[in-house]
**Student:** 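Provided herewith is a single structure, encoded as structure tokens, for subsequent inquiry.
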2 protein chains.
Amino acid sequence: MGLNCADSVLLDRYVKRKRIVKRGQVLYRVGEEFAHAYAIRSGSVKTCISTDDGRLQITGFHIPGELLGLNAVDENRYNCEAVALETTSVCEISASCFEELARQIPSMHYQMLRMMSREVKHNQKLMLLLGKKNAEERLATYLLNLSRRFAMRNFSSTQFNLSMSRGDIGNYLGIAEETVSRTLTRFQEEGMIICERRLIILKDVKRLSGIAREFNPAIAQVIPLLRPTPRL
Amino acid sequence: MGLNCADSVLLDRYVKRKRIVKRGQVLYRVGEEFAHAYAIRSGSVKTCISTDDGRLQITGFHIPGELLGLNAVDENRYNCEAVALETTSVCEISASCFEELARQIPSMHYQMLRMMSREVKHNQKLMLLLGKKNAEERLATYLLNLSRRFAMRNFSSTQFNLSMSRGDIGNYLGIAEETVSRTLTRFQEEGMIICERRLIILKDVKRLSGIAREFNPAIAQVIPLLRPTPRL
DNA sequence: CTTCCGAATTGGTTCAGATCAAGCTACAAC
DNA sequence: GTTGTAGCTTGATCTGAACCAATTCGGAAG
């Protein structure tokens, strides 16, 4: 995200070297171990995430003077490539400043950083969902996400209560509440779930997963980023 | 976002008191000075942002065991209210742990935190755009955002080059590249911009702002959150 | 100069999902 | 019990934007 002049000065001692990157060249990929942050000097760069079938959602463009790659407390979660017609050049910034960061803050505060990082991750997935998924995919993604979170807290992962209304779910997923209702009904007719008002029982998680088209870092790495985004 | 058991233990000494919140009750509002974080004990809670005309986008639901409010390095940027039919209870967590955090880390690293925070802010706005805005609003928002960022870096704010293709813009904004093209043409016909391939000249920023329906914290505070989300 | 090719524009058609409308259901208040 | 009501479901219609297709434009390479 944005970096103003005051910020830049502070980063100077970490700058390693300047690089020219070709259009379409990938600076880093989702899931790769974190190596550098970059300050854009000219041209511009985009960051994106993708579904497991290769639909891309661009999450941001970065113009000269801006910095990127700093959201990676544990691992990168965007792909990132140069996008401008003109020459794009960047400064590499050493990863060592992050190691320092990790060493210097007490563990409790590091946990908080990790939580902010998780927040970013959640937002990524929601953006991908809002930008590129259809109603069925949105609902399936949502149910599986809830399931996983309940499991993590030692509740049943296949049977739970939606504590939120259809309207709220629709708002969250960017669809109308009627569409939520219809889609849940269809899932039920096809035997994937049992859905009685707020009670949800997942009957066929595998098929739901197939529909959800979730973010998949492993596959994201091999997408030829120069190609236009595949249509739904 | 999620908080696992290990995290919880670390936070214990900051827990202040337990609170029962009624359905629809607002825990905190966008723009308010930061006061507490909350750990959900029962029920559930939603966080949301809104456009200046009151369209809400829910950005997350929080179930028991989860923590929220920690993304606020400088100020809150969600509204947050209880959403479950059943009783929702939460633990307040003292803000002092954040002050401690701010004191303990060196200023350069604090800058990085602020940048992560800005990243979250950007993602918020993008989610609102992807979830609740139509094509015109998306484009207007995008042009004004670019304008502001160029101005911040001492470029002209009313005349600049899009370094990205129509396809990339469309992908980012969650619309087809043909729609980008058509909408820019319409803006031009209506005299709001001059648009010649990648060159953009903004002629009527005020009208564009009117269309963009940007996030507006001041108004977000008075939205009656119990009402169903207004339709577009 | 000409050729080529990717990017952009413009027109026409289609469709997923919004919107409008009418019941239905479960539960709370009395 | 009855009434009221918010939440949910289902059906019918409408529409914004996707999709498909055909040019046009502009810069790069020869």
Side-chain angles (χ1 to χ4, degrees), chain A residues 22-24 55 57 83-87 129-140 161-189 193-200 211 213 224-232, chain B residues 22-24 46 55 57 83-87 129-140 161-189 193-200 211 224-232:
Chain A
K22 288 204 195 69
R23 196 153 108 88
R55 274 172 281 165
Q57 170 68 42
V83 71
L85 289 174
E86 69 268 29
T87 311
L129 180 147
L130 291 172
K132 296 286 170 290
K133 292 188 181 182
N134 66 23
E136 281 202 347
E137 293 166 337
R138 290 178 197 211
L139 250 309
N161 264 289
L162 298 174
S163 57
M164 61 294 292
S165 70
R166 299 286 191 267
D168 275 343
I169 296 171
N171 181 297
Y172 176 63
L173 298 177
I175 53 183
E177 73 173 280
E178 294 94 327
T179 307
V180 174
S181 201
R182 276 184 248 270
T183 307
L184 287 178
T185 303
R186 202 171 332 128
F187 282 174
Q188 172 150 254
E189 285 167 358
I193 64 171
I194 294 172
C195 166
E196 223 169 288
R197 296 233 135 200
R198 300 218 171 178
L199 172 72
I200 295 281
I211 292 176
R213 314 261 81 194
L225 289 177
L226 270 175
R227 301 263 181 79
T229 310
R231 286 281 160 67
L232 185 49
Chain B
K22 289 204 194 69
R23 197 153 108 87
K46 69 182 177 190
R55 274 172 280 166
Q57 169 69 42
V83 71
L85 289 174
E86 70 269 28
T87 311
L129 180 148
L130 291 173
K132 296 287 170 291
K133 292 186 181 183
N134 66 22
E136 279 201 349
E137 293 165 337
R138 290 178 197 212
L139 250 308
N161 264 290
L162 299 173
S163 58
M164 61 293 292
S165 69
R166 300 285 191 269
D168 275 343
I169 296 171
N171 180 297
Y172 176 63
L173 298 176
I175 53 184
E177 72 173 281
E178 295 94 325
T179 306
V180 174
S181 200
R182 276 184 248 269
T183 306
L184 287 177
T185 303
R186 202 171 331 128
F187 282 175
Q188 172 149 254
E189 283 166 0
I193 65 171
I194 293 172
C195 165
E196 222 169 289
R197 296 233 134 201
R198 302 218 169 174
L199 173 72
I200 295 280
I211 292 176
L225 289 177
L226 269 176
R227 302 262 181 79
T229 309
R231 284 280 159 69
L232 183 52

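Quantities reported herein were computed from a predicted structural model and do not represent experimental measurements. Just so we're on the same page: letters track the sequence lines, and every chain starts at 1.
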**Student:** Counting side-chain heavy atoms from C-beta on, which of C:dA18, D:dA17, C:dT9 comes nearest to A:A176?
**Tutor:** C:dA18
**Student:** State which of C:dT25, D:dT9, C:dG17 makes the closest approach to the side chain of A:S181.
**Tutor:** D:dT9
**Student:** Round to the nearest Å and state the distance from A:Q188 atom CD to D:dT9 atom P.
**Tutor:** 9 Å
**Student:** What's A:G174 touching, base or sugar-phosphate or nothing? Going by heavy atoms closer than 4.0 Å.
**Tutor:** sugar-phosphate
**Student:** B:E136 or A:C195: which one's nearest nucleotide on DNA chain D is closer to the 5' end?
**Tutor:** A:C195
**Student:** If I take atom CD1 from residue A:I193 and atom CD from residue A:Q188, how far apart are they, to the nearest 0.5 angstrom?
**Tutor:** 6.0 Å
**Student:** Among the nucleotides C:dA8, D:dC8, C:dT19, which one has an atom lying closest to any side-chain atom of B:S165?
**Tutor:** C:dA8
**Student:** Is there a donor and acceptor pair closer than 3.5 Å between the side chain of A:R182 and the base of D:dG11?
**Tutor:** yes
**Student:** Between the base of D:dG16 and the side chain of B:R138, is there a donor-acceptor distance below 3.5 Å?
**Tutor:** no
**Student:** Working to the nearest 0.5 angstrom, can you tell me the gap between A:R213 CZ and A:R138 CZ?
**Tutor:** 15.5 Å
**Student:** Are OP1 or OP2 of C:dA26 and a side-chain N or O of A:R197 less than 4.0 angstrom apart?
**Tutor:** no
**Student:** Nearest-Å distance, CD1 (B:I200) to P (C:dA8)?
**Tutor:** 11 Å
**Student:** CZ of A:R55 versus C1' of D:dC19: gap in Å, rounded?
**Tutor:** 15 Å
**Student:** Quick check for you: to the nearest 0.5 Å, what is the distance between B:I211 atom CD1 and B:N134 atom CG?
**Tutor:** 9.0 Å
**Student:** Kindly compute the distance separating CD (B:E196) from CG (B:N161), expressed to the nearest 0.5 Å.
**Tutor:** 11.0 Å
**Student:** Let me know the distance between CD of B:E177 and P of C:dT9, rounded to the nearest Å.
**Tutor:** 9 Å
**Student:** Quick one: is B:R198 getting a side-chain N or O under 4.0 Å of the D:dG26 phosphate, OP1 or OP2?
**Tutor:** no
**Student:** I want to confirm an ordering. Mapping A:A135 and B:E196 to their closest nucleotides on DNA chain C, which one lands closer to the 5' end?
**Tutor:** B:E196
**Student:** When you measure from the side chain of A:E178, which nucleotide among D:dT10, C:dA18, D:dA17 comes out closest?
**Tutor:** D:dT10
**Student:** Please state how far atom CG in B:L173 lies from atom C1' in D:dA18, giving the value in whole angstrom units.
**Tutor:** 15 Å
**Student:** Keeping the roles fixed (side chain from A:R198, backbone from A:R166), state whether a donor-acceptor pair exists under 3.5 Å.
**Tutor:** no
**Student:** Can you identify which nucleotide, out of D:dG26, D:dC8, C:dA18, has its nearest atom closest to the A:I175 side chain?
**Tutor:** C:dA18
**Student:** Starting at CD1 of A:I169 and ending at P of C:dG17, how long is that distance when rounded to a whole Å?
**Tutor:** 17 Å
**Student:** Would you please confirm or rule out a distance under 4.0 Å between OP1 or OP2 of D:dG16 and any side-chain N or O of B:T179?
**Tutor:** no
**Student:** Return yes if some donor-acceptor pair links the side-chain N/O of B:K133 with the main-chain N/O of B:L139 below 3.5 Å, else return no.
**Tutor:** no
**Student:** Does any donor-acceptor pair link the side chain of B:R186 with the base of C:dT10 at a separation under 3.5 Å?
**Tutor:** no
**Student:** How many Å lie between CG on A:L130 and P on D:dA17, as a whole number?
**Tutor:** 16 Å
**Student:** Would you kindly give the CG-to-C1' distance between B:L199 and D:dG26, to the nearest whole Å?
**Tutor:** 14 Å
